[in-house]
Amino acid sequence: MQNLLHNLNDEQLAAVTLPAQSALILAGAGSGKTRVLTTRIAWLIQTGQVSPSGILAVTFTNKAAKEMMTRLSAMMPINTRGMWIGTFHGLCNRLLRTHYRDAALPQTFQILDSQDQLSAIKRLLKANNVDDEKFPPKEVMYFINGAKDQGLRADKIEPYNADERKKVELYQMYDDQCQREGVVDFAELLLRTYELLSRNQPLRQHYQQRFQHILVDEFQDTNDLQYKWLKLLAGHGEGGGGALFAVGDDDQSIYAFRGANVGNMIAFEREFHVKNLIKLEQNYRSHGHILDAANVLIANNSKRLGKNLRTDAGHGEQVRVYEATSDLGEAQWIIEETKNLIADGASRSEIAVLYRSNAQSRVIEHALFSAGIPYHVYGGLRYFQRAEVKHLISYLQLMDNPHNDSAFMRVVNFPTRGIGARTIENLQGASSQYGVSLYAAVPYMTGKGGTSLAGFVKLIESARFESQQMALPELVRLVLEASGLLTHYQTEKEGADRIENLEQMVSAATQFVAEEGYGHGAPAHLGPQSQAQAGAAIVNQDGVEILDADAPLATVMSPLSAFLSHASLEAGDNQATAGQQAVQMMTVHSAKGLEFNNVFITGLEEGLFPHESSSREEGGVEEERRLMYVAITRARQRLYLCFAQTRMLHGQTRYNMKSRFFDELPEDALKWLSAKSQPHWFANKKTAWDEAPMLGSDNAIAQKMQQKSSGWRIGESVEHAKFGEGVIVNIEGSGANARAQINFGSAGMKVLDLSIAKLERLAR
DNA sequence: ATACTGAAGCTTTTT
DNA sequence: GCTTCAGTAT
């Protein structure tokens with residue numbers, strides 16, 4: 001126990017050893033948050049305050065859950081079994097599998113990922129002749145998910161106009177469709193569990209009593225439903241239950257756009273009468289100048305719980321700032337500095353290039369590629385999202401639950417087996433006429449289409465029959481071949497990678513079976529035997545039998561069902577070339593939680609970062625500032641900020657002002673690298689890089705002429721007495737008639753007569 | 001059934 | 001400017 005608490009600072013120690021009451025830990029970036037969380041769990045168990053089964057630890061990502069598990073098992077070799085550590089969705093899946101009857105779900109219910117959900121909605125709209133111009137599928141999906149994230153069913157929504165009434169109706173129809181097909185979307189996992197526990201008192205009480213300590217990571221990212229879910233499990237308002245230990249950082253709340261509500265932190269403090277608010281402000285990551293920059297910047301936000309990071313490390317180097325003439329110039333500068341860093345002995349994987357939006361990566365990628373510097377771009381398609389893998393999964397899904405129409409549609413004619421659009425249309429007609437799934441509607445079909453459909457059904461049925469006694473990996477192999485997927489890609493020119501991905505599914509299945517504790521060679525279809533065998537059967541005082549979802553997943557669902565949930569809930573890595581010594585490129589969002597010795601934050605321009613769409617939303621700019629705060633605090637030793645005067649975006653050249661965030665950073669922490677009189681495109685010193693975007697266009701040359709005659713240049717920074725700082729976006733006319741279109745940022749876009757307007761040339 | 005072609009979209013993302 | 005997708009032409 002002594003070693004456990006050893007090396008914790010006073011704040012951390014206080015947090016770890018809090019009494020069993022609700023607590024809010026404000027954990028700054030790099031303050032040892034995960035350490036506190038895991039040590040808290042270990043301390044609770046080792047001091048005998050709780051047994052492992054009394055612990056519920058909730059995270060947002062599988063990665064975070066895994067990390068917690070790993071650290072815990074390093075702390076206490078034996079005791080991790082019985083603890084519930086997982087994501088909101090993973091835990092809900094487990095609960096719903098165990099109590100599927102009470103939750104009114106089929107035992108083999110399947111999970112739709114966002115892709116599947118969207119296509120399910122498209123199908124719904126089409127089947128009901130809904131005008132998808134007026135009700136775009138994405139918007140409908142957004143509406144449904146938004147409602148679910150707030151815990152609202154369709155019948156609880158009061159529509160305020162006709163369009164909304166239609167959306168509510170579609171929401172209800174969508175839920176009915178899902179229920180018919182035996183599928184649930186991500187939000188549904190949460191909502192269904194919440195409703196199950198609300199409605200079923202014995203069940204609720206059982207889990208409330210069981211989980212004496214509920215710990216939540218990244219609490220600032222919880223949405224309304226997740227907070228309600230936590231309150232329910234913690235027995236809030238029911239006189240007791242578990243102690244909720246919430247760890248989060250309001251300054252790092254960057255997911256409002258997907259429903260996260262920072263207000264949950266304040267609500268939690270109030271509703272749980274939190275006496276123990278502990279701030280972890282000691283930072284173990286960044287040098288002083290970097291931390292100063294972060295602190296001063298975030299102080300510009302009004303809605304904060306309040307926190308100031310400090311470090312024992314020295315000031316370190318100043319933050320280096322570079323103004324490039326173009327996005328290409330910016331990329332070129334990043335290459336130069338990266339080379340310098342590598343020459344200084346920096347590891348490539350300790351260099352991160354961050355950007356606000358994915359579109360920015362391409363220019364930088366190109367430059368890194370040309371310079372021969374290995375790089376790795378985060379984001380993009382995950383393993384289980386790849387088309388060929390999804391196809392294979394669809395076959396497996398149909399074998400486990402043939403009523404999954406999304407899966408049916410995906411593979412009924414892939415590889416092609418002569419089932420055309422007309423046949424499908426007829427089938428859909430039969431399906432809605434008889435109110436059954438597409439699969440179940442096949443027997444109603446006659447003629448040639450009916451025959452080929454029957455052939456498809458036979459394929460699924462016989463694969464299921466043949467695989468009855470097979471272990472999961474063999475089953476996957478069987479389907480791979482029986483489906484014709486393998487042959488299909490073998491004949492395709494570019495199919496080699498896809499075949500490799502498909503083959504990997506067999507190993508993924510092997511690995512899964514081993515890790516999840518399924519007996520070696522256990523038949524993939526073997527369901528949870530009897531309820532009595534699964535976990536301990538508990539009878540409460542009302543005589544209701546409760547099955548605790550304690551047992552390993554193996555006893556609650558078949559290997560195949562489990563594997564399919566795994567594929568939906570854990571999309572897998574997106575990095576094909578992991579482990580390579582490469583420069584790390586990613587959006588600021590995906591950098592959250594990571595740290596690097598050297599960090600570039602790129603594209604620091606008004607409109608890009610802060611993003612233009614943020615100014616339209618309430619609190620949008622504050623969220624962008626938190627995003628910038630996250631970006632800055634990723635850096636340990638060196639931080640580079642850069643921006644470009646001109647940038648190609650959506651096929652158009654844009655002239656942006658430098659980001660307002662520069663004005664919010666402490667001057668003495670910054671070192672401006674670009675000279676005050678930065679050469680523009682016309683200056684003698686110019687590179688091919690900088691020149692490139694202006695060449696090859698008569699229009700560009702004509703503009704140059706005009707610019708010359710007026711004495712002003714596009715892209716130039718100016719200051720106006722009334723409108724403040726701005727950037728010249730365009731110049732029309734010449735001489736006395738010259739007029740300039742100027743972007744004054746928050747003051748808006750103005751067209752000014754250059755012979756009249758008093759403009760100051762602004763040197764940066 | 002496949003291949004091309006035009007139009008739309010385009011901030012951030014995990015489950 | 002580039003990608004994705006739906007719809008049409010062959």
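The chains referred to below are lettered A, B, ... by the order of the sequence lines, with proteins before strands, and numbering in each begins at 1. All values derive from a computational prediction rather than experimental measurement.
Atom-to-atom, CZ of A/Phe257 to P of B/dC10 comes out at 14 Å; the value is rounded to the nearest Å. Rounding to whole angstrom units, CZ of residue A/Arg647 and C1' of B/dC10 are separated by 15 Å.
A/Glu365 pairs by the salt bridge (Lys or Arg N to Asp or Glu O under 4.0 Å) definition with nothing, not counting sequence neighbours.
Nucleic acid contact for A/Asn358: sugar-phosphate only, since backbone atoms but no base atoms lie under 4.0 Å from a heavy atom of the residue. If you check every strand for non-hydrogen atoms under 4.0 Å, A/Gln385 touches nothing. Within the nucleic acid shown, A/Asp185 has no heavy atom closer than 4.0 Å to any nucleic acid atom. Nucleic acid contact for A/Thr587: sugar-phosphate only, since backbone atoms but no base atoms lie under 4.0 Å from a heavy atom of the residue.
A cation-pi arrangement is found for A/Arg97 relative to A/Phe109, the charged atom lying closer than 6.0 Å to the ring centre and inside a 45° cone about the ring normal.
Of the candidate nucleotides B/dT11, B/dT14, B/dA1, B/dT11 has the atom lying nearest to any side-chain atom of A/His611. Taking the side chain of A/His589 as heavy atoms from C-beta on, and the options B/dT15, B/dT11, B/dT13, the nearest nucleotide is B/dT13.
Checked against the 6.0 Å centroid threshold, A/Phe609 and A/Tyr355 do not count as a close aromatic pair.
Side chain A/Ser114 to base B/dT13: no donor-acceptor pair is found below 3.5 Å.
Mapping A/Arg417 and A/Glu624 onto DNA chain B by nearest heavy atom places A/Arg417 at the nucleotide closer to the 5' end.
Salt-bridge check for A/Asp113 with A/Lys390: passed, with a basic side-chain N closer than 4.0 Å to an acidic carboxylate O. Between A/Arg660 and A/Glu624 there is no salt bridge, since none of the side-chain N atoms of the basic residue sits less than 4.0 Å from a carboxylate O of the acidic one.
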If you restrict it to nitrogen or oxygen atoms, what contacts under 3.5 Å exist between nucleotides 2-9 of chain C and the protein, and what is each distance?
from, atom 1, to, atom 2, distance (Å)
C/dA6, OP1, A/Lys122, NZ, 3.0

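Checking the phosphate oxygens (OP1, OP2) of B/dT11, no side-chain nitrogen or oxygen of A/Ser614 falls inside 4.0 Å.
When only modelled atom types and interatomic distance are considered, A/Tyr255 and A/Glu623 share no side-chain donor-acceptor pair under 3.5 Å.
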